[in-house]
Structure formats: C-alpha cells, structure tokens
Participant: 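Have a look at this one before I ask anything.
Model, not experiment: these values are computed from the prediction.
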Amino acid sequence: FCRAMLKDREVTTQQPFHHLVQKKSLVPPAPWPNTVREMFIQTQDTPNPNSLKFIPGKEVLESRTMEFSTPAAAFCSPLARQLFKIEGVKSVFFGPDFITITKESEELDWNLLKPDIYATIMDFFASGLPVVTEEAPRTDTAASEEDDEVVLMIKELLDTRIR
C-alpha cells in the first residue's frame, strides 16, 4: 500500500512504490505534444546598439549577404517581409548563417522585440519556404492581398487621379 503525490494529485495504490514510479500511465501527458520547436536561436550584440544579430543555427543565405532597408526592398524575401511586419523593425540584413535586425530607435526595448523576432524566424524555417525567391518587384498599382488600407487608398489615387 503506497501513497504518493504526482503533480499536485495524491495517488493511492496497492502496488509497491517502485511499480508506481515505473508506470508511465499515471503521469499525465504533456498538454501540447506537437508545439515543441526544434530550433535554438542565439543572439549576439553588434557595435550598433540598435542592431542585434540572430543566429538560427541553420543556413540563411548560401554564400552572400543581402540587406533590406525598407519593406518595399524585401520584395524577393518572404522572411524579410515577415520580419518587417514586426512593429519597430527598421532594416533586415541576411548573412550566410545569421540575420541582423536593426530597430527603429533606441527607445524601443530589445526585450519587447525579441520574442516576436524569435517566433517569426522559427515559424519561417519550420515552413520550409526559401529565404530568397526570384520574384521581381511589382511595378503595377493593382491591389494585392498583402496591402493594408492606406496602401490600397494610395494605389486607388494613383490609378484615378494621376493616370
């Protein structure tokens, strides 16, 4: 006869204690078994206090670097486009095995930005999409699904007033 506490629950059994410990069925399963991410992203300071290097432990670009100073410049990179959606991201730089993010101002705290950046990088690499595509920049003013309300209004003005 044995009485034990497992995860704030008292369990009473007629079995010897060593049988209780060995049984896996008495320990409740993890509530979210499929949400564990297999990526550990390291960060490294840069000489610029507004920039931080993120090292995902995976290849980012094969042997070159790319810099995206504006969201419009990120037309060929799905990852850079996602990173620019994070409020406070000013520019994105890709190296062979790292991503450097520059924030808009010194007033923004890295501790507030980092969780969103980590999540975006992990989700992107889990998706299997390429970091850079051969996509060309759009030269038309047709509305797209990615445009927000202000961009749609500007495009409409371009079509109706200027053209």
Participant: Near Glu87 CD, under 6.0 Å, is it more than 12 heavy atoms from other residues, nucleotides or ligands?
Facilitator: no
Participant: Could you tell me whether the side chain of Thr100 reaches within less than 4.5 Å of the side chain of Ser51, counting heavy atoms only?
Facilitator: yes
Participant: Quick check: are there more than 12 heavy atoms from other residues, nucleotides or ligands sitting under 6.0 Å from CG of Asp45?
Facilitator: no
Participant: Is the shortest side-chain heavy-atom distance between Val132 and Met66 below 4.5 Å?
Facilitator: yes
Participant: Any side-chain heavy atom of Glu67 within less than 4.5 Å of one from Thr102?
Facilitator: no
Participant: If we check side-chain contact (heavy atoms from CB on, under 4.5 Å) with Val60, which of these qualifies: Phe98, Phe54, Phe94?
Facilitator: Phe94
Participant: Answer yes or no: is there a donor N or O on one side and an acceptor on the other, between the side chain of Arg81 and the main chain of Phe75, under 3.5 Å?
Facilitator: yes
Participant: Indicate yes or no: at least one non-hydrogen side-chain atom of Glu59 is less than 4.5 angstrom from one of Asp97.
Facilitator: no
Participant: To the nearest 0.5 angstrom, please state how far the CD atom of Gln82 sits from the CG atom of Asp123.
Facilitator: 9.0 Å
Participant: Please name the pair of heavy atoms, one in Pro49 and one in Trp110, separated by the smallest distance, quoted to 0.1 Å.
Facilitator: O-NE1, 3.2 Å
Participant: So does Lys90 have more than 12 non-hydrogen atoms from other groups sitting under 6.0 Å from NZ?
Facilitator: no
Participant: With rounding to the nearest 0.5 Å, note down the distance linking CG in Leu112 to NZ in Lys103.
Facilitator: 9.0 Å
Participant: Nearest 0.5 Å please: distance from the NZ atom of Lys114 over to the CD1 atom of Ile41.
Facilitator: 11.5 Å
Participant: Do Ser77 and Phe84 have side-chain heavy atoms sitting under 4.5 Å apart?
Facilitator: no
Participant: Give me the atom names and distance for the closest heavy-atom approach of Gly88 to Leu108.
Facilitator: CA-CD1, 3.6 Å
Participant: Got Thr46 and Leu52 here, is their nearest side-chain heavy-atom distance under 4.5 Å?
Facilitator: no
Participant: To the nearest 0.5 Å, what is the distance between CD1 on Ile117 and CE on Met122?
Facilitator: 11.5 Å
Participant: How long is the span from the CD1 atom in Ile121 to the CG atom in Leu79, to the nearest 0.5 Å?
Facilitator: 6.5 Å
Participant: Are the side chains of Tyr118 and Thr43 in contact, using a 4.5 Å heavy-atom criterion?
Facilitator: yes
Participant: Can you find a heavy atom in the side chain of Val131 that is under 4.5 Å from one in the side chain of Phe124?
Facilitator: yes
Participant: Could you tell me the separation between the CD1 atom of Ile99 and the CZ atom of Phe93, rounded to the nearest 0.5 Å?
Facilitator: 11.5 Å
Participant: Is it true that a side-chain atom of Ser91 and a backbone atom of Phe68 form a donor plus acceptor pair closer than 3.5 Å?
Facilitator: no
